[in-house]
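The block underneath contains the structure these notes are about, expressed in structure tokens.
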Amino acid sequence: MITTRFAPSPTGYLHIGGLRTALYSYLWARKNSGRFLLRIEDTDLKRNSKEAAEAIEEAFRWVGLSHDDEIVYQSERFDLYKKYIQKLLDEKKAYYCYMSREELDALRAEQQARKERPRYDGRYRDFEGTPPAGVEPVVRIKAPTEGTITFTDGIKGEISVRAEDVLDDFIIARADGTPTYNFVVAIDDALMGITDVIRGDDHLSNTPKQIVVYEALGFDLPKFYHVPMILNPNGKKLSKRDGAMDVMEYKRMGYLPEALLNFLIRLGWSHGDQEIFSFQEMLELFDPKDINKSASAYNAEKLLWLNAHYIKNATYERLITELQDFDVNIADHDKKEILVDALRERAKTMVEFAQMAKAIIDRPQAYDEKAVKKFIGEDSLEILKRYAAFLQISEKALHLPVDFEEVTKQFMAKYDLKMKNLAQPLRISLVGTSVSPSVYDVLSILGKDEVIYRIEKFIEHMKKA
RNA sequence: GGCCCGUUCGUCUAGCGGUUAGGACUCCGGCCUCUCACGCCGGCAACAGGGGUUCGAGUCCCCUACGGGUCACCA
């Protein structure tokens with residue numbers, strides 16, 4: 001059984017880097033009928049963990065991820081950690097260190113002056129004497145001083161480091177008794193039964209320290225997968241303005257969650273040449289062994305393309321529901337399918353979709369000057385007037401785009417007009433600009449009466465001007 | 001600076017010793033056409049550099065360069 005976990009520190013929101021590792025962890029667990037757990041790394045306290053957890057769950061809900069069991073808060077497990085600290089103390093695998101911060105700072109300064117790696121010198125490692133007064137001790141773990149630590153990373157391969165290069169007796173409990181990150185991560189992963197740790201590769205160099213904890217406590221090591229970072233389009237670290245903002249911000253910008261997920265899974269992972277992955281396919285095909293070794297840059301155009309793809313293929317119900325979040329309610333519109341089909345090919349985001357829908361449904365507030373200048377000629381108004389009259393007396397029932405196409409062709413034949421002569425003036429009269437879906441679609445969506453009304457209003461407006 | 005990791009078109013990537021180095025996004029042409037899109041067809045564009053190993057290297061090894069991560073009583 002595979003158990004994975006997502007273990008963010010409470011920053012207040014979930015960004016796409018976090019979402020991606022969460023997705024990978026989720027997929028790997030679910031694919032193997034395993035469990036996917038959520039743990040909040042809040043040993044630091046200061047920040048509001050509940051709020052952060054709620055933000056993460058909200059984002060999970062939006063994209064369709066779910067976790068098993070209750071959320072684990074490290075801040076609620078201090079007693080547990082204390083027991084393990086005591087255990088290591090009793091077994092002499094950890095010890096109190098009475099070095100003051102000043103002494104520590106001085107030591108580091110010296111080492112740096114000598115161009116050495118700053119590290120604790122182990123002065124209290126085997127201390128048996130009377131502790132200096134007035135110093136609240138920290139607890140340090142005895143780390144190996146020689147030899148190498150080797151582990152296999154599921155993405156990077158075998159990683160091997162020399163103990164003397166990277167380790168020292170690091171602190172596992174602060175002077176106030178609270179435990180530190182590298183200590184609790186190892187304990188919680190072990191106690192929660194995590195078999196596969198999938199996390200950002202900024203944790204790669206923490207892994208040896210955590211292995212020291214696992215070994216001191218006699219826990220089995222999980223498999224590690226260190227996922228490369230997401231970079232901004234310039235190859236630098238991702239910041240908020242590049243896309244590292246709250247995942248929910250993507251919803252507000254009109255992205256569909258399936259597009260975001262498809263975008264993220266493909267960023268650093270691939271399955272041959274396949275670009276489009278349904279959630280089901282992600283579940284079937286994802287394997288962390290196929291994750292790339294190198295960092296990848298955030299590519300906004302590709303996200304947009306994927307979003308457009310999912311909009312094109314979404315159901316009517318889905319799109320109509322999504323539209324409600326952007327103040328467009330067409331659930332009761334009798335031509336809603338025609339409207340949706342006309343716009344789904346054109347919108348890259350739901351925000352654009354909504355804007356385009358409004359541009360058709362709402363009567364034009366103004367007429368684009370450039371368009372008028374370019375397309376409204378001497379006889380345009382006369383043609384429109386006749387066209388409206390032609391529609392008015394039409395005996396045929398006008399509902400679908402093909403109905404309007406038919407009468408329009410009859411009209412053009414009667415007056416020996418070309419589509420080019422009619423289409424743009426008509427479009428401008430209906431929506432106020434020279435850009436819109438097919439005029440036949442617009443005609444159908446608006447319906448005969450509204451069409452005639454808008455044409456008359458336009459003629460009126462032009463005559464006034 | 002020490003340690004660790006990485007480097008195929010601008011970007012995401014395929015490749016797993018023998019390929020005209022493939023696909024996708026973007027961009028540029030063309031077709032379609034009532035505008036804008038969509039769609040379709042076509043095009044530009046890459047193995048960081050240098051040494052090895054090998055009959056043969058994008059693929060294996062070493063070095064260099066560049067990029068990133070990390071070295072806390074943060075996580």
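To find a chain, count down the sequence lines: A is the first, B the second, and so on, and within it residues start at 1. In what follows, every heavy atom counts, from backbone to side chain, and hydrogens, waters and symmetry copies are set aside.
- Legend: residues meeting side chain to side chain donor-acceptor pair (under 3.5 Å) with Asp246(A), ordered by chain and number and at least two apart, are absent.
- Across all strands, Ile171(A) comes closer than 4.0 Å to base atoms (heavy-atom distances).
- Sorted by first and then second residue, the pairs that involve residues 253-273 of chain A and meet salt bridge (Lys or Arg N to Asp or Glu O under 4.0 Å), not counting sequence neighbours, are Glu258(A)-Arg318(A), Arg266(A)-Glu275(A).
- Between Phe183(A) and Ile85(A), the closest side-chain pair of non-hydrogen atoms falls below 4.5 Å.
- Judged by distance alone with a 3.5 Å cut-off, no donor-acceptor contact links the side chain of Gln112(A) to the base of G1(B).
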Measure all distances between protein nitrogen or oxygen atoms and nitrogen or oxygen atoms of nucleotides 59-68 of chain B, and list the pairs falling under 3.5 Å.
from   : atom 1 : to        : atom 2 : distance (Å)
G68(B) : OP1    : Lys236(A) : NZ     : 3.4

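- Scanning for salt bridge (charged side-chain N to carboxylate O under 4.0 Å, His left out) contacts around Glu110(A) gives Arg114(A), with sequence neighbours left out.
- Within residues 299-315 of chain A, the residues approached by RNA chain B to less than 4.0 Å at the level of any non-hydrogen atom are Asn299(A), Glu301(A), Lys302(A), Trp305(A), Lys312(A), in residue-number order.
- C28(B) sits 38 Å from U64(B) when the C1' atoms are compared, rounded to a whole Å.
- For the P atom pair drawn from U20(B) and A57(B), the interatomic distance equals 15 Å after rounding to whole Å.
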Every protein N/O lying under 3.5 Å from an N/O of nucleotides 16-22 of chain B:
from   : atom 1 : to        : atom 2 : distance (Å)
G22(B) : N2     : Asp273(A) : OD1    : 2.6

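- With sequence neighbours excluded, the residues forming a side chain to side chain donor-acceptor pair (under 3.5 Å) with Arg344(A) are Asp341(A), listed by chain and number.
- On the C1' atoms, A46(B) is 12 Å away from U11(B), given to the nearest whole Å.
- Across the C1' atoms, G17(B) and A72(B) are found 47 Å apart, a figure rounded to whole Å.
- Within the 4.0 angstrom heavy-atom criterion, no nucleotide atom of any strand lies near Arg344(A).
- Thr178(A) and Tyr81(A) are not linked by any side-chain donor-acceptor pair at a separation below 3.5 angstrom, with hydrogens and angles left out of the test.
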Just do the side-chain hydrogen bond (donor to acceptor under 3.5 Å, both in side chains) check on Gln111(A) and Arg108(A) with the steps written out, would you? CA-CA 5 Å; Gln111(A) 289 166 329; Arg108(A) 272 202 273 265; over 6 Å; no
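- The base of A75(B) does not come close enough to the side chain of Asp42(A) for any donor and acceptor atom to sit less than 3.5 Å apart.
- Tyr95(A) and Asp169(A) are linked by a side-chain donor-acceptor pair at a separation below 3.5 angstrom, with hydrogens and angles left out of the test.
- When the P atom is compared between C47(B) and G58(B), the two are found 11 Å apart, to the nearest whole Å.
- Side-chain N/O atoms of Thr43(A) include one lying less than 4.0 angstrom from OP1 or OP2 on A75(B).
- Within the structure, salt bridge (Lys or Arg N to Asp or Glu O under 4.0 Å) pairs that include any residue of residues 358-370 of chain A comprise Arg363(A)-Glu450(A) (at least two apart or interchain).
- If you check the side chains of Tyr225(A) and Asp196(A), you find a donor sitting under 3.5 Å from an acceptor.
- For Arg140(A) and Asp168(A), the salt-bridge test fails: no basic side-chain N is under 4.0 Å from an acidic carboxylate O.
- Residues passing the salt bridge (charged side-chain N to carboxylate O under 4.0 Å, His left out) test with Asp379(A), sequence neighbours excluded: none.
- Straight-line distance between the P atoms of G18(B) and U59(B): roughly 11 Å, to the nearest whole Å.
- As judged by a 4.0 angstrom heavy-atom cut-off over every strand, Val138(A) is placed among the base-contacting residues.
- For Ser294(A), the side-chain atoms get nearest to U7(B) when compared with the rest of U7(B), C4(B), C73(B).
- Counting any heavy atom pair closer than 4.0 Å across all strands shown, Gly268(A) reaches sugar-phosphate atoms only and no base atom.
- Scored by the side chain to side chain donor-acceptor pair (under 3.5 Å) test, Tyr250(A) finds Tyr298(A) as partners (sequence neighbours excluded).
- The ring-ring contact (aromatic ring centres under 6.0 Å, His included) check on Phe6(A) picks up nothing, with sequence neighbours excluded.
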Can you check each nucleotide of nucleotides 28-37 of chain B against protein heavy atoms at under 4.0 Å and return B for base, S for sugar-phosphate only, - for none, in 5' to 3' order? ------BBBB
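- Using a 4.0 Å heavy-atom criterion, one finds that Ala175(A) contacts the bases of the nucleic acid, with or without backbone contacts as well.
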